[in-house]
Amino acid sequence: MKTDELREKYLSFFESKGCSRQPSDVLVPTWDPSVLFTPAGMNQFKDHFLGKVKLDFTKATTCQKCLRTGDIDNVGRTAFHHTFFEMLGNFSFGDYFKREAIHWGWEFLTHKKWLGIDPTRLTVTVYKDDDEARRIWHEEIGLPDSRIAGMEEDENFWPASAPSLGPDGVCGPCSEIYYHLEDGSNVEIWNLVFTQFNRQGSPPNNLVPLPSQNIDTGMGLERTASVLQGVPTNYHIDILLPIVHAAGEVTGVPYVYESDNGRRLRRITDHIRACTFAVHENVYPGANGAKYVIRRLIRRAVLDGHQMSMREPFVYKLVGAVADAMKSQYPELSDTIPRVQDVIKSEEERFFATIDVGLDRIDRLFGEMRFRDTAIVDGGRAAELYTSFGVPPELLQQMAAEHGFTFDWDGYQASMQTHSEVSGGEQNKLFQTGPLETLKETVLQTPFVGYESTTSNCVIKGIVTGDGHGTDDEGHLLSEVVAGSGMPLRVVLGHTPFYGESGGQVGDAGKISGDGFEFTVTDTQKHAGLVVHHGTLVSGKMKEGHECIATVDTNRRDSLCRAHSATHILHYALQKNVGSHAQQQGSKVDADWLRFDFSHQKSLSDETLGQIQHDILERIVADEPIGYETITLADARKAGAMMLFGEKYPDPVRMVSMGEFSRELCGGTHLNRTSAVGAFELLAEESVSAGTRRIVAVTGLKAQEYRNQTVEVVNRAAAAIGCPAARLPEKTAELVADLRAIKKELAAGKAGEHASKFGSATVVGDLGFAAARVVLRDTARTLNVATPEVADRIAAMLEERTRLLDELSRASAGGKLSADDLMASAEAVGTAVLVVLATPGANPNVMRGWIDQLRKASNKPIAVLLGSVQDDKVVLVGGLSHALVERGLSAGSWVGDTAKLVGGGGGGRPDMAQAGGKDPEKLPAALEQAKAAMRAKLATT
Ligand code: ATP
Ligand code: MG
């Protein structure tokens, strides 16, 4: 019997018993945080069983997609376990119970009309105290006692061992149906769970019968199919064997059942089937939870392929075979084949890049064992190799055997137990064993030699892919890497002159070079004692274990030292001028740039800032020596080192001193003398949060540049606005006021006087930096922008002014027409007067003003429509005297109709309306028509 036929028979059989056929739940039930994947058919009915939902049916049957992570290690080794499999089930929610469940199961399995299995091949188990089940099997079904086994609660109770061990709550005995194969072995094909008790407390008498009893059953589709098809394993049934053969083809290894490769091909088959379904449901390989399971499955399939000499992605090529084999029940799989293939392929690519490192680690492990004269592969190490490098234990065991070692399966299983306990809920812990942790095991920590020198001969201890910023992928170890891809890499050295970002100071940059290769270091970070050099390999081949020269970019390092030493001087100046409460809250030290947060309630006055600046410069020119020593915490305290309350310091500590004025505990890099800071400029003083202020400053080259830039910005702004540099703040205030006035006039529709007060001038100020800084600061305050933006903002304002003035003059060019001029073109129609005119360049405000004037000036009822063109757009404004509105006429529809003729629309009140249009060339004709239309109306009303 074909598997597809079996599935359908099961569902229709239970439908014939009144069960409602329900669809499979998804494979990854995001609604249920207690499981990573759907483990059984009953999962989707949890709330039905607990009576938490309204029941549309009390009997159901399903074919459920399941994935059991707990069976991963059985796959390929037993004939009847998969990760992904289909479970056929029937369920009763307070409806039928034990008797029907047993009778129906038996009928379906043995009756000619259904499966017609020879009853003598079947035996059953019952829970030892479940007399009712035993009686039904024996008396009603007619099984002899010899074929009914009574089992303990650890085997035949759900949850296992619930009566004595708990948990409290709904539980019940099980009864399983076994099929006996030719060779004498047997396989469980069906499990019936009779949920009939509520456990309350410890035994005895702790199983209280439930008022409403439930049935939860599961029959393995593949297992039953294999029995019916008379094949040796589940992998030989009609829906799986084609995938096994496809795997054989892709790997170039013909499938032979009883061989190592046969087992590998079965495992690849299982894993690609599981992954195809999961990725189809958008569960992509990753570092946590369900994603991690998928990663593990793909990697394991890749390793099996690697053992069969595969060196390139191949698993993804089987997605089509899976979709094809499963298409009758899951046609949707064929819609996503390319996407699923892409996802699996890229995971394979990642793993192929690390397999060799994993195998390397195994070599190292064996070497270590020989050195320590042990013959048993440590189970914990094996579990770690599996979880970190995806090396299956069977593979490890096999390799160990070749070296004459045995394998600690118990230890392995115990470690995996801890892993899977973790993986049930918080799988992420599993991956805390990333590549850097692995390195840390051997390298322990990276000594920093960069206080004394900025270049050093070092040894490459580890190469890790990626920049470590992604959360999903921590990268992997490489034993060697060749330049070309430009991919981000991380390098760990035996010791290093590179400073890893810490204490607010950013990491060093530079290069690591060696025999024919060069690696550019763009950043250096610390990772639990390791110093990690981030960057890319620009040329050659870099290998773990090789010697190299690590060279810090000294220009950049110097700029970091300037900023860091200046930070200490700033701290001193703040304490002196603001008070001892102005303690450091946080800081960042970058190249000639620093940010320093300190405790203080309100902003610092210009005067205080000036004094701070002065004190800092004083210390710089005093050229005081800077030194450091490593001393006990007690001695540092005695020496008066600045210590923050509540801060934890190591002991001994590194104390950095400057002359006699500053002593701080600090691990950063510093100058030798204060004069080397060169220049120092405060850029900003601002609030970070209540009670915390922030100072941003620059040193050395950047401070020099800042000075030049300040003078330049002031000069540029003054030239643009047309005044001596010293007058920039007042002239800017004038500009702000003038712009405001122009906008008002435009809105009112009438122009005022605007002398050309502003405009470019060649007269520039010859202010020095100190004066320029004050000018710039004041101007920036007037404009409410940051100082570097002042010149650009002024230029933009001048441009805006020119544009607005232009608009205003166009409006007032129309303004040369007076209301009287307009009246001159008036036409008498009956008792009324009609004015329709083009008023080029006039803006709507002006036009409305004229209409008001005309209405007031005219002693007869008047209808006015004016049209202008502004910025290539038509503006129409129309108005009617009250008397005409009372006669039923409307300016709104007059203007609206006219607007349609110029490609627009609009309208308004009956006495005054405005509209726009986008076809200026049609304006004259439209006005003609508007005039004719109103003329006709006035004549008839
Ligand atoms: P086993 O002891 O063989 O692992 P189980 O007791 O875990 O089986 P149940 O939880 O009772 O199985 O699941 C119900 C049915 O689902 C089983 O009788 C079996 O037919 C099928 N089944 C369970 N696990 C698997 C699996 N990993 N692969 C294929 N079929 C399975
Ligand atoms: Mg099981």
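Both counts, for ligands and for their atoms, begin at 1 and track the order of listing. Just so it is clear, the model here is predicted, and its values are computed rather than measured.
If you check each of Glu155, His81, Met42, Gln64 against atom 1 (P) of ligand 1, the one with the closest non-hydrogen atom is His81. Scanning Arg68, Glu86, Glu176 for the heavy atom closest to atom 13 (O) of ligand 1 points to Arg68. The residue among Glu188, Arg223, Met87 with a heavy atom at the shortest distance from atom 3 (O) of ligand 1 is Arg223.
Less than 4.0 angstrom separates some heavy atom of Gly218 from each of these atoms of ligand 1: 14 (C), 15 (C). The contact set between ligand 1 and Asn191, taken as ligand atoms under 4.0 Å from a residue heavy atom, comprises 11 (O). Atoms of ligand 1 found under 4.0 Å from any heavy atom of Phe80, numbered from 1 in the order shown, are 28 (N), 29 (C). Here is the list of ligand 1 atoms found below 4.0 Å of a heavy atom in Asp71: 24 (N), 26 (C), 27 (N).
Residues Thr69 and Arg296 form no side-chain contact, since every pair of their non-hydrogen atoms from C-beta on lies 4.5 Å or further apart.
Judged as a ring-ring contact (aromatic ring centres under 6.0 Å, His included), the pairs with a partner in residues 191-247 (not counting sequence neighbours) are, in order, His82-Tyr235, His236-Tyr255, His236-Tyr257.
By the 3.5 Å distance cut-off applied to N or O atoms, Ile189 is counted among the residues near ligand 1. Checked by distance only, ligand 1 and Gly220 come closer than 3.5 Å through their nitrogen or oxygen atoms.
The side-chain contact (heavy atoms from CB on, under 4.5 Å) search around Cys66 returns Gln64, Phe85, Met87, not counting sequence neighbours.
Using 4.0 Å as the threshold, His82 has a heavy atom nearer than that to some atom of ligand 1.
Arg266 places no side-chain N or O within donor-acceptor distance of the main-chain N or O of Val75, the cut-off being under 3.5 Å.
No side-chain N or O of Arg77 forms a donor-acceptor pair with one of Asn74 less than 3.5 Å apart. Side-chain contact annotation: His280 with Glu332, donor-acceptor N/O pair under 3.5 Å absent.
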